[in-house]
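So that the names make sense, note that chain A is the first sequence line, chain B the second, and so on, each numbered from 1.
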There are 2 protein chains.
Amino acid sequence: MKRLTIQRQAILDLINRSNQHWDAEELARCLNKNGHQLGIATVYRGLGALENSGLIQSIQLADKKRYERADKGHHDHLICTNCGDIEEFCDDKIEQRQQQVAQDLSFHMTGHQLLMFGICQRCFNQSAGSEAL
Amino acid sequence: MKRLTIQRQAILDLINRSNQHWDAEELARCLNKNGHQLGIATVYRGLGALENSGLIQSIQLADKKRYERADKGHHDHLICTNCGDIEEFCDDKIEQRQQQVAQDLSFHMTGHQLLMFGICQRCFNQSAGSEAL
DNA sequence: ATGATACTGATAATGGCTATCATTCCCTTT
DNA sequence: AAAGGGAATGATAGCCATTATCAGTATCAT
C-alpha cells in the first residue's frame, strides 16, 4: 500500500471504532450513509490493501470474508450457526500445539484459521424456552 | 437422501477410492472421462446429499469446497499456499482444548474447522535450493 | 509545472454454487 | 403388469461475492 487515502482512512477508522466483523458491503453502506462516497470496488481494494499492511485482519467464512480490527491481536472465532453471531477467543495451548504439529510435520506455518461452529448461549436458551411451550 | 443413485454411487466410489480432496468440477471431469455422464448440477447435489448423510466430508476453502472420504474420520488440514497441496493431521490435545474452550464460553459446539496455512516441506526445500544458485 | 505512479469509481466479467423446470427414474400399490 | 407419485437428473438461468478493466483523478518526486 503506497497511499493511505481518505477512502482507506475512512474504512480503517470505521473498523477501528467498532468490534464488529464487517463484510465489504456493510462497510460501504455504513460509510456512504455517513458523508462518505466510495464505490464498492474501492472498498474491496482498500480492505485488501489494509489487510496486507497488517492494519486490519479478516476471517474467511463460507460465503464471504469479514474484516475486523487488528489491534486486538490474533484470536480465533466461535460462530453461531443460528444467529450468525461471532465470538472471539484465544487459547495459548491450542496455539502452542499448532506450532508443535507443524514442526513435527516439517510444515512451515505462516498462519492459521480456527472456526468453531455451534449454538451460542443466547440461542440455546431461547430454543430451550420454546421447547417447553 | 432417499436414493443412492448410480450417479451418487459413482461420486462416492471415486472419492472413496482416492485420498484426494476433490472439488465439484474435478469430480465431474474425472467421472465424465471414465464412462459416466453426469451434469455439474447433479454433482453438486450429489455431494451435498452424500455429505449430509455422512458418507463423505468436506473442507471449506476460500474459493471453493473440497470433498474427501469420511471413513478416515475427523482430522484437520495443512494447506501449502505455494503448491496447493493438502496434508492432514489430527491432534487430540487440540481437539480437547476446543471442547474445553467451548464449554467455558457456554457455546454448544457442533463442529469446527482448523486450517493451517504455510509452505510444505517439498516447496520449502525447492525454494531453499533455488536461493543457493 | 510536469510526468510518473497510485488510486478511484463505474461497470463488465468471473467463478462457485443454487434455483428452476421439464423429463426421467424408481418404488409402491393396485 | 400398469399406474401413480415422490425423488433425482440435466440443461441452463440466475445469484452473489469478488476481481478485472479502463478512463479519469489525485498525489508524489523532480
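- Heavy-atom contacts from other residues, nucleotides or ligands closer than 6.0 Å to CZ of A/Phe124 number 12 or fewer.
- Exactly one residue among B/Arg66, B/Lys64, B/His21 makes a side chain to side chain contact (heavy atoms under 4.5 Å, CB included) with B/Glu26. That residue is B/Arg66.
- Across all strands shown, A/Arg8 has heavy atoms under 4.0 Å from sugar-phosphate atoms exclusively, and none from any base.
- Here the P atom of nucleotide D/dA8 and the NZ atom of B/Lys2 are 7 Å apart, to the nearest Å.
- In the set C/dA10, C/dC17, D/dA17, the nucleotide with an atom closest to the side chain of B/Ala24 is C/dC17.
- C/dC26 atom P lies 12 Å from atom CG of B/Leu4, rounded to whole Å.
- A close approach under 4.0 Å does occur between a side-chain nitrogen or oxygen of A/Tyr44 and OP1 or OP2 of D/dT18.
- Remark: the backbone N or O of B/Leu38 is paired with a side-chain donor or acceptor of B/Asn32 at under 3.5 angstrom.
- The side chain of B/Gln7 contributes no N or O atom lying less than 4.0 Å from OP1 or OP2 of C/dC25.
- When the C1' atom of C/dC17 is taken as reference, atom CD1 of B/Ile40 falls 9 Å away, rounded to whole Å.
- B/Thr42 comes within contact range of at least one nucleobase, with a heavy-atom separation under 4.0 Å.
- In terms of heavy-atom proximity, A/Val43 sits nearest to A/Ala24 at CG1-O, 3.6 Å.
- In terms of polar N and O atoms assigned as donor or acceptor, the side chain of A/Arg3 comes within less than 3.5 Å of the base of C/dT5 in a complementary pairing.
- At the heavy-atom level, A/Asp23 lies nowhere under 4.0 Å from the strands shown.
- In B/Lys93, the NZ atom is not crowded: 12 or fewer heavy atoms of neighbouring residues, nucleotides or ligands sit closer than 6.0 Å.
- The CZ atom of A/Arg45 sits 18 Å away from the P atom of D/dA17 (whole-angstrom rounding).
- For D/dT9, the OP1/OP2 oxygens have no side-chain nitrogen or oxygen of B/Gln37 closer than 4.0 Å.
- For B/Gln60 and D/dA17, the CD to P distance is 14 Å, given to the nearest whole Å.
- Look at NZ on A/Lys64: it is 17 Å from C1' on D/dT19, rounded to the nearest Å.
- The side chain of A/Thr5 contributes an N or O atom lying less than 4.0 Å from OP1 or OP2 of C/dT8.
- Counting to the nearest Å, the P atom of D/dG10 and the CG atom of B/Leu38 are 6 Å from each other.
- As a whole-Å value, the separation of A/Gln9 CD from C/dC7 C1' is 15 Å.
- Residue B/Lys65 is the one, among B/Lys65 and B/Ile6, whose nearest nucleotide of DNA chain C lies closer to the 5' end (criterion: closest heavy atom).
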